[in-house]
Amino acid sequence: FIKATRRAGGDYDTVNFVTRPFGSEKGFLTANDTTAYAWGSISTKRGAMVVEVPPMTDKIDYFGSFISAWHVPMIDVGSKGADAGEGGRYLFLPPEYGNEFGTAEELEAQGYIIVPKIDTHDVSFSFRPTLLNGATHAEAGAHDNGIKVFSLEEVVSGDIQPTEYLDMTDVPYDCLPYYNMTFIVD
């Protein structure tokens with residue numbers, strides 16, 4: 001995801017979303033053409049990171065996961081995930097985390113959903129909105145703007161920076177793997 005997001009003008013911590021499903025002209029690995037996704041990537045190279053997932057509403061629920069750089073599922077979100085549809089702050093502690101802001105147990109007691117210890121710095125996420133009670137894809141896109149990404153240090157300092165959002169509905173986005181020299185060049 002991160003390479004394609006950078007080509008589109010975003011970076012780590014950017015929340016990408018669409019307000020209508022992608023067509024087959026998009027190179028989005030494993031996506032279907034009936035869902036308006038939200039997705040992105042984070043890195044813990046600079047420290048612990050938080051992804052805040054909004055609660056489900058009477059119109060929108062999420063089905064999705066955070067995955068490691070090795071594409072190993074780490075934790076699920078939404079009504080079937082760790083937040084049980086209530087929303088929550090998913091906390092990613094870097095492999096070398098030294099309890100600078102508290103132990104995992106102390107942070108969990110503060111309300112964070114601790115993601116199991118990660119073995120790499122990069123994490124990606126993809127959330128599929130489940131449309132309920134006549135909701136539209138545009139409403140799902142608006143709900144995606146409730147996803148927030150920030151560092152734990154920002155929380156502690158009281159200076160949480162705004163999350164960057166990219167509406168990718170009409171933007172070329174190709175995150176397919178290519179088995180040629182572009183794999184090395186990118």
Side-chain angles (χ1 to χ4, degrees), residues 1-2 5 8 10-19 35-69 72-95 97 99-118 120-132 135 137-168:
F1 287 154
I2 189 60
T5 296
D11 208 336
Y12 286 106
D13 310 341
T14 300
V15 175
N16 304 294
F17 68 96
V18 292
T19 57
T35 305
Y37 290 84
W39 70 96
S41 299
I42 64 170
S43 175
T44 62
K45 285 182 184 172
R46 294 179 315 238
M49 293 296 296
V50 178
V51 178
E52 186 173 293
V53 176
M56 70 179 287
T57 68
D58 64 329
K59 294 210 166 214
I60 309 293
D61 183 17
Y62 281 133
F63 172 74
S65 300
F66 291 98
I67 61 171
S68 73
V72 174
M74 302 169 75
I75 197 166
D76 295 332
V77 303
S79 62
K80 306 286 188 219
D83 63 88
E86 299 295 317
R89 287 184 165 185
Y90 288 79
L91 179 58
F92 298 83
L93 301 172
Y97 181 69
N99 299 329
E100 299 88 349
F101 303 111
T103 65
E105 293 78 21
E106 291 168 337
L107 293 164
E108 187 172 38
Q110 294 176 34
Y112 291 99
I113 298 169
I114 308 298
V115 178
K117 196 102 174 156
I118 60 177
T120 66
H121 289 284
D122 288 3
V123 174
S124 294
F125 62 89
S126 181
F127 303 158
R128 298 176 182 185
T130 302
L131 305 180
L132 309 168
H137 294 296
E139 288 173 310
H143 190 74
D144 296 338
N145 282 263
I147 302 168
K148 299 187 180 354
V149 181
F150 44 87
S151 71
L152 184 57
E153 184 174 5
E154 290 175 75
V155 175
V156 171
S157 73
D159 186 26
I160 297 176
Q161 297 300 305
T163 299
E164 179 183 1
Y165 300 93
L166 280 179
D167 183 343
M168 303 297 283

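Residue numbers start at 1 and run along the sequence shown. Predicted, not measured: the structure shown is a model, and the values here were computed from it.
In plain terms, the two heavy atoms of Met49 and Ser43 that are nearest each other are CG-O, 3.3 Å. The shortest heavy-atom contact between Pro55 and Glu86 is CB-O, 3.3 Å. The minimum heavy-atom distance linking Gly88 with Ile113 is given by the pair CA-CD1, 4.2 Å. Across Ile75 and Ile114, no two heavy atoms sit closer than the pair CD1-O, 4.4 Å. Contact between Ile147 and Thr163 at its shortest, heavy atoms only, is O-CG2, 4.0 Å. Across all non-hydrogen atoms, the minimal contact from Asp167 to Val18 is OD1-CA, 4.3 Å.
Checked by atom type and distance alone, the side chain of Thr120 pairs as donor or acceptor with a backbone atom of Asp122 at under 3.5 Å. At distances below 3.5 Å, at least one donor-acceptor pair connects side-chain atoms of Asn16 with backbone N or O atoms of Trp39. A donor-acceptor contact shorter than 3.5 Å is absent between the side chain of Tyr97 and the backbone of Ala104. A donor-acceptor contact shorter than 3.5 Å is absent between the side chain of Asp159 and the backbone of Glu154.
In summary, of the residues considered (Tyr62, Tyr165, Phe17, Tyr37), a ring-ring contact (aromatic ring centres under 6.0 Å, His included) with His143 occurs for Tyr62 alone.
In this structure the side chain of Glu153 reaches within 4.5 angstrom of the side chain of Phe101, judged on heavy atoms. In this structure the side chain of Asp11 never reaches within 4.5 angstrom of the side chain of Thr5, judged on heavy atoms. The closest side-chain heavy-atom distance from Ile118 to Leu93 is not below 4.5 Å. Between Leu107 and Leu152 the shortest side-chain heavy-atom distance falls below 4.5 Å. Side-chain atoms of Val149 and Tyr12, non-hydrogen and from C-beta on, never get closer than 4.5 Å to each other. For the pair Tyr112/Val155, a side-chain contact is recorded, criterion being any heavy-atom separation below 4.5 Å from C-beta on. A heavy-atom distance below 4.5 Å is found between the side chains of Pro94 and His121. Taking the side chain as every heavy atom from C-beta outward, Glu100 and Val156 never approach each other to under 4.5 Å.
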* Show your working on side-chain contact (heavy atoms from CB on, under 4.5 Å) between Ile67 and Val123 and close with a plain yes or no. => CA-CA 6 Å; Ile67 61 171; Val123 174; over 6 Å; no
* To do: Could you go through the side-chain contact (heavy atoms from CB on, under 4.5 Å) check for Leu132 and Met56 one step at a time?
  => CA-CA 10 Å; Leu132 309 168; Met56 70 179 287; 4.0 Å; yes
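Judged as a side chain to side chain contact (heavy atoms under 4.5 Å, CB included), and not counting sequence neighbours, the contacts of Glu164 are Thr14, Leu166.
Note: Asp13 CG to Arg46 CZ = 6.0 Å, rounded to the nearest 0.5 Å. Atom CD of Glu108 sits about 9.5 Å away from atom OG1 of Thr103, to the nearest 0.5 Å.
The list of salt bridge (Lys or Arg N to Asp or Glu O under 4.0 Å) pairs with a residue in residues 49-65, not counting sequence neighbours, reads Glu52-Arg89, Lys59-Glu139.
Classified by interplanar angle (parallel below 30°, tilted 30° to 60°, perpendicular above 60°), the ring pair Phe127/Phe66 is perpendicular.
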